[in-house]
Amino acid sequence: VITTIPAAVMPVFPDLVKRHFNAVAANEIYVGDITDLPIGDGLNMYLATVIDCYSRRLVGFAIADHMRTSLVQDALLMAKGQRGSLKGAVFHSDHGSVYTSQAFQDTCTQLGVRQSMGADLTPVW
């Protein structure tokens, strides 16, 4: 199932990670993605994750029957709840429309998170 759908007019965020998914401290670099979870009858649930690159710990997640922006916002807000603050952290994702949406950008701004996106627009599947 293809889940990375770039927005028609998407903002360009710099690749702050450049495929170096190692951090020297916790709460520095996070990565996130969405995966589909088949549940039968051709239906899917969707899992959004936020992983700390230092500890490799899953610090935020959300599961829903949709891939709307609120799914990734909820996962990032859970990470904030787990870590207390995300201020100054980098969140790296693909170019999917939920990550380029204005609503997700606003959430990142409110949390003090800098967005980063891989330079390659070619989905990996």
Side-chain angles (χ1 to χ4, degrees):
V1 175
I2 297 170
T3 58
T4 302
I5 302 169
V9 177
M10 64 181 188
V12 176
F13 293 99
D15 184 351
L16 303 174
V17 176
K18 303 211 185 296
R19 304 206 56 81
H20 297 288
F21 297 106
N22 296 310
V24 296
N27 222 26
E28 186 178 275
I29 301 171
Y30 292 96
V31 294
D33 202 1
I34 299 174
T35 190
D36 64 305
L37 306 169
I39 59 170
D41 294 336
L43 301 174
N44 288 315
M45 295 293 285
Y46 298 93
L47 170 66
T49 58
V50 178
I51 298 172
D52 185 325
C53 286
Y54 176 74
S55 65
R56 305 289 191 231
R57 181 175 172 217
L58 177 68
V59 295
F61 70 91
I63 299 173
D65 62 354
H66 61 79
M67 286 190 3
R68 293 188 290 272
T69 302
S70 61
L71 178 68
V72 294
Q73 288 173 299
D74 289 347
L76 193 60
L77 290 170
M78 180 183 196
K80 181 202 179 290
Q82 290 291 311
R83 293 299 172 97
S85 174
L86 302 179
K87 188 172 184 178
V90 170
F91 180 80
H92 187 81
S93 69
D94 61 24
H95 291 255
S97 60
V98 294
Y99 295 115
T100 59
S101 71
Q102 187 62 54
F104 189 72
Q105 291 176 58
D106 292 345
T107 298
C108 288
T109 298
Q110 290 166 4
L111 297 176
V113 171
R114 294 180 296 153
Q115 281 186 265
S116 170
M117 293 183 170
D120 186 4
L121 292 174
T122 307
V124 182
W125 64 76

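One is the number of the first residue; the rest follow in order along the sequence.
- Smallest separation of non-hydrogen atoms from A75 and A48: CB-O, 3.8 Å.
- The hydrophobic cluster containing I51 does not contain V24, counting ILVMFWY residues as joined when their side-chain heavy atoms lie under 4.5 angstrom apart, directly or transitively.
- Nearest heavy atoms, G60 versus L58: O-CD1, 3.3 Å.
- Side-chain contact between V50 and Q82 is absent, with no heavy-atom pair separated by less than 4.5 Å.
- Applying the side-chain hydrogen bond (donor to acceptor under 3.5 Å, both in side chains) criterion to T49, with sequence neighbours excluded, gives no partner residue.
- Taking each heavy atom of V113 and L86 in turn, the nearest pair found is CG2-CB, 3.6 Å.
- In this structure, the separation between CZ on F13 and CZ on R114 is 12.5 Å, given to the nearest 0.5 Å.
- Counting heavy atoms from C-beta on, the side chains of Q73 and F104 come closer than 4.5 Å.
- The cluster map of Ile, Leu, Val, Met, Phe, Trp and Tyr, joined by side-chain heavy atoms under 4.5 Å apart, puts L76 and V59 in the same cluster.
- Partner M45 forms a side chain to side chain contact (heavy atoms under 4.5 Å, CB included) with one of I63, D36, T35 and no other, that one being I63.
- In this structure, N22 and R56 approach most closely via the heavy-atom pair OD1-NH2, 2.8 Å.
- In this structure, D41 contributes its side chain and L43 its backbone to no donor-acceptor pair below 3.5 Å.
- Summarising the geometry, atom CD1 belonging to I34 is positioned 10.0 Å from atom NE2 belonging to H66; distances are rounded to the nearest 0.5 Å.
- To the nearest 0.5 angstrom, D33 atom CG is 8.0 Å from S93 atom OG.
- Once rounded to the nearest 0.5 Å, the distance linking CG of L47 with CG of L71 reads 7.5 Å.
- Side-chain contact between L77 and L111: present, with at least one pair of heavy atoms (C-beta onward) separated by less than 4.5 Å.
- Relative orientation of the Y99 and F91 rings is tilted, given thresholds of 30° and 60° on the angle between their planes.
- We find the CG-OG1 distance between D74 and T69 to be 10.5 Å, quoted to the nearest 0.5 Å.
- Taking every heavy atom of both residues into account, S85 and N27 meet most closely at O-ND2, 2.7 Å.
- Linking Ile, Leu, Val, Met, Phe, Trp and Tyr residues whenever their side-chain heavy atoms come within less than 4.5 Å places M117 and V72 in a single cluster.
- Looking only at atom types and distance, the side chain of D106 has a donor-acceptor partner in the side chain of Q102 under 3.5 Å away.
- Side-chain N or O atoms of Q105 include one that pairs as donor or acceptor with a backbone N or O of T100 at under 3.5 Å.
- Rounding to the nearest 0.5 angstrom, the gap separating the CZ atom in R83 from the CG atom in D52 is 4.5 Å.
- For the ring-ring contact (aromatic ring centres under 6.0 Å, His included) condition, the pairs that include at least one residue of residues 17-41, sequence neighbours left out, are F21-H92.
- Hydrophobic clustering places F61 together with I39 (ILVMFWY residues linked when any side-chain heavy atoms are closer than 4.5 Å, directly or through intermediates).
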